[in-house]
**Q** 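Structure incoming, see below.
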Amino acid sequence: MYLEPRPGIAWPSPLLRELRGAVRALLGLDEDTAVIIRQLIRGGVGHPPLETVVKVLPMDGEARRWTLHRPAEQITVSELRATLLHHRPS
């Protein structure tokens, strides 16, 4: 049996796969550690309209989360590196 997305559900975009791979490489993560990248719509005053959340969920250990206040397509590898390596996760 092949797994296919449910109707109306898209596979992860190539951009999000690329960002997930960059997170894995920058943090030296193993294959047992889940990396989740989501874009959230923010509509409040003083917040950007779209932000990107990166979550790292290791099998053993504490989950980590970072928020980048811009859409995923605007995030560069150097910005991702600076956020992951120089800012404490929330």
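Throughout, numbering of the chain's residues begins at 1 and tracks the sequence. On a predicted model such as this, the values are computed, not experimentally measured, just so you know. The figures that follow rest on heavy atoms only: side chains count, while hydrogens, waters and symmetry mates do not.
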**Q** Out of the candidates Val54, Val53, Leu15, only one should pair with Ile37 under the side-chain contact (heavy atoms from CB on, under 4.5 Å) rule; please name it.
**A**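 Per the side-chain contact (heavy atoms from CB on, under 4.5 Å) rule, the option paired with Ile37 is Val54, out of Val54, Val53, Leu15.
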**Q** Working to the nearest 0.5 Å, report the span between OG1 of Thr76 and CZ of Arg70.
**A** 7.5 Å
**Q** What residues join Leu57 in its hydrophobic cluster, counting side-chain heavy atom gaps under 4.5 Å, either direct or through other members?
**A** Ile36
**Q** Quick check for you: to the nearest 0.5 Å, what is the distance between Leu50 atom CG and His69 atom NE2?
**A**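 Rounded to the nearest 0.5 Å, the CG-NE2 separation comes out at 12.0 Å.
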**Q** Determine the minimum heavy-atom distance between Arg65 and Lys55, stating which atoms define it.
**A**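 For Arg65 versus Lys55, the nearest heavy atoms are NE-CE, 3.8 Å.
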**Q** Looking only at heavy atoms, what is the nearest atom pair of Pro71 and Thr52, with distance?
**A**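 Nearest pair, atom of Pro71 first, then Thr52: C-OG1, 3.5 Å.
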**Q** Are Leu68 and Leu85 connected into the same hydrophobic cluster when the rule is that any two of I, L, V, M, F, W, Y join if their side-chain heavy atoms are below 4.5 Å apart?
**A** yes
**Q** What pair of heavy atoms forms the shortest contact from Pro58 to Ala63, and how long is it?
**A**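 Closest approach of Pro58 to Ala63, heavy atoms only: CD-CA, 4.1 Å.
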**Q** Grouping I, L, V, M, F, W and Y whenever their side-chain heavy atoms are under 4.5 Å apart, do Val23 and Val77 come out in a common cluster?
**A**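 The answer is no; the residues belong to distinct hydrophobic clusters.
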**Q** Applying salt bridge (Lys or Arg N to Asp or Glu O under 4.0 Å), can you list everything that pairs with Glu73, at least two apart in sequence or on another chain?
**A**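 Per chain and number, Glu73 pairs via salt bridge (Lys or Arg N to Asp or Glu O under 4.0 Å) with no residue.
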**Q** Going by heavy atoms in the side chains, are Thr67 and Thr83 under 4.5 Å from each other?
**A** no
**Q** Whether the side chain of Arg24 engages the backbone of Thr33 through a donor-acceptor N/O pair (distance < 3.5 Å, no angle test) should be reported.
**A**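 Yes, the answer is positive, given that a donor and an acceptor are paired below the 3.5 Å cut-off.
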